[in-house]
Amino acid sequence: MAVDNGLEVEVKFLLKDLTAVRERIIHAGARLTKPRVHERNVRFDTADNALLARWELLRLREDTAVTLTFKRPSAADATSEAKVREETEVHVDDARSMALILEHLGFQPQQMYEKYRETFHLDGVDLVLDELPYGTFLELEGGEEKIRSMAARLNLDWGQRILANYLGIMALLQEHANLPFRDVSFANFENSSVSAWDIFPLLSRQITEEVRDHDAK
């Protein structure tokens with residue numbers, strides 16, 4: 001979700017019990033805005049990952065629609081306790097055609113990640129429950145003060161917020177567990193016990209330059 005000034009402001013929390021947190025969200029009065037849906041995301045970049053080197057993201061997402069998104073760092077990120085990115089996105093009719101256009105422009109699919117996502121909204125905040133192959137998460141998106149207040153309202157420890165994105169988390173898992181694959185797919189993790197909890201001490205502290213180097217939500 002991008003707010004009116006074109007900035008996306010968010011934090012994540014790694015969840016031990018998604019069902020319990022979902023019940024808290026509903027009990028707080030949140031409105032379901034998007035039922036649980038499967039997402040397939042593909043990060044596009046040049047052969048030498050020039051976008052990644054600039055902490056930029058070009059992503060094609062398929063769920064109930066097809067969305068092309070471009071993100072880049074925001075100056076506001078340096079002074080924020082959340083993750084702040086400039087975001088521009090557009091809905092397109094056909095994922096395959098859009099992918100071909102990107103490839104003709106010099107971009108190639110570099111990494112895929114999938115998840116199940118359910119979205120709620122309450123008091124100016126999007127509350128997003130994400131189920132990835134390596135763990136479950138709650139994303140809070142909105143103005144910084146609002147998401148901090150929402151975290152407290154849900155009894156979430158602000159000090160354990162995560163600013164890394166899902167591909168950044170995957171990069172740390174690859175290094176930690178010497179994973180032989182890059183794509184974050186349920187098939188790849190089917191016979192693996194690797195979890196984001198294995199690297200939680202890295203994830204729960206303020207984002208580091210190492211994590212930023214893998215910035216592609």
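Heavy-atom basis, side chains included; hydrogens, waters and symmetry copies ignored.
- Both Leu140 and Leu32 sit in one connected hydrophobic cluster of ILVMFWY residues. Membership requires side-chain heavy atoms under 4.5 Å apart, directly or through other members.
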Report task. Evaluate the salt bridge (charged side-chain N to carboxylate O under 4.0 Å, His left out) criterion for residues Glu118 and Arg22: first the C-alpha distance (whole Å), next the side-chain angles of each, then the deciding distance (0.1 Å), finally the verdict. Result -> CA-CA 10 Å; Glu118 185 178 32; Arg22 185 179 188 276; 2.8 Å; yes
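- Cluster membership check: Leu100 does not share its hydrophobic cluster with Met98, using side-chain heavy-atom separations under 4.5 Å among Ile, Leu, Val, Met, Phe, Trp and Tyr.
- Side-chain heavy atoms closer than 4.5 Å link hydrophobic residues (I, L, V, M, F, W, Y) into clusters, and following such links, possibly through other members, connects Val125 to Val84.
- No more than 12 heavy atoms of other residues, nucleotides or ligands shown are found within 6.0 angstrom of CZ on Arg72.
- Put simply, Val37 and Tyr113 are part of two different groups of oily side chains (I, L, V, M, F, W, Y) that touch within less than 4.5 Å, one to the next.
- The existence of a salt bridge linking Glu10 and Arg85 is excluded, since no basic side-chain nitrogen approaches an acidic carboxylate oxygen closer than 4.0 Å.
- Using a 4.0 Å cut-off between charged nitrogen and carboxylate oxygen, Glu87 and Lys71 count as a salt-bridge pair.
- Paired with Phe137 under the rule ring pair (Phe, Tyr, Trp, His ring centres under 6.0 Å), one option of Phe200, Tyr166, Phe13, Tyr116 passes, and it is Tyr166.
- Side-chain atoms of Glu144 and Ser80 include a donor-acceptor pair closer than 3.5 Å.
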Report task. Go through the steps for His91 and Thr67 under the test side chain to side chain donor-acceptor pair (under 3.5 Å), then give the verdict. Result -> CA-CA 4 Å; His91 293 293; Thr67 308; 3.1 Å; yes
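- Arg61 and Asp63 are not joined by a salt bridge, as no carboxylate oxygen comes within less than 4.0 angstrom of a charged side-chain nitrogen.
- Linking ILVMFWY side-chain heavy atoms closer than 4.5 Å, directly or via other members, places Val11 and Ile25 in a single hydrophobic cluster.
- Side-chain atoms of Thr46 and Asp48 form a donor-acceptor pair, as typed in the model, at a separation below 3.5 Å.
- Within the 4.5 Å cutoff, the side chain of Thr19 has no heavy atoms near those of the Val21 side chain.
- Salt bridge status for Asp130 with Lys12: absent, with no side-chain N to carboxylate O gap under 4.0 Å.
- Asp77 and Ser74 share no side-chain donor-acceptor pair at under 3.5 Å.
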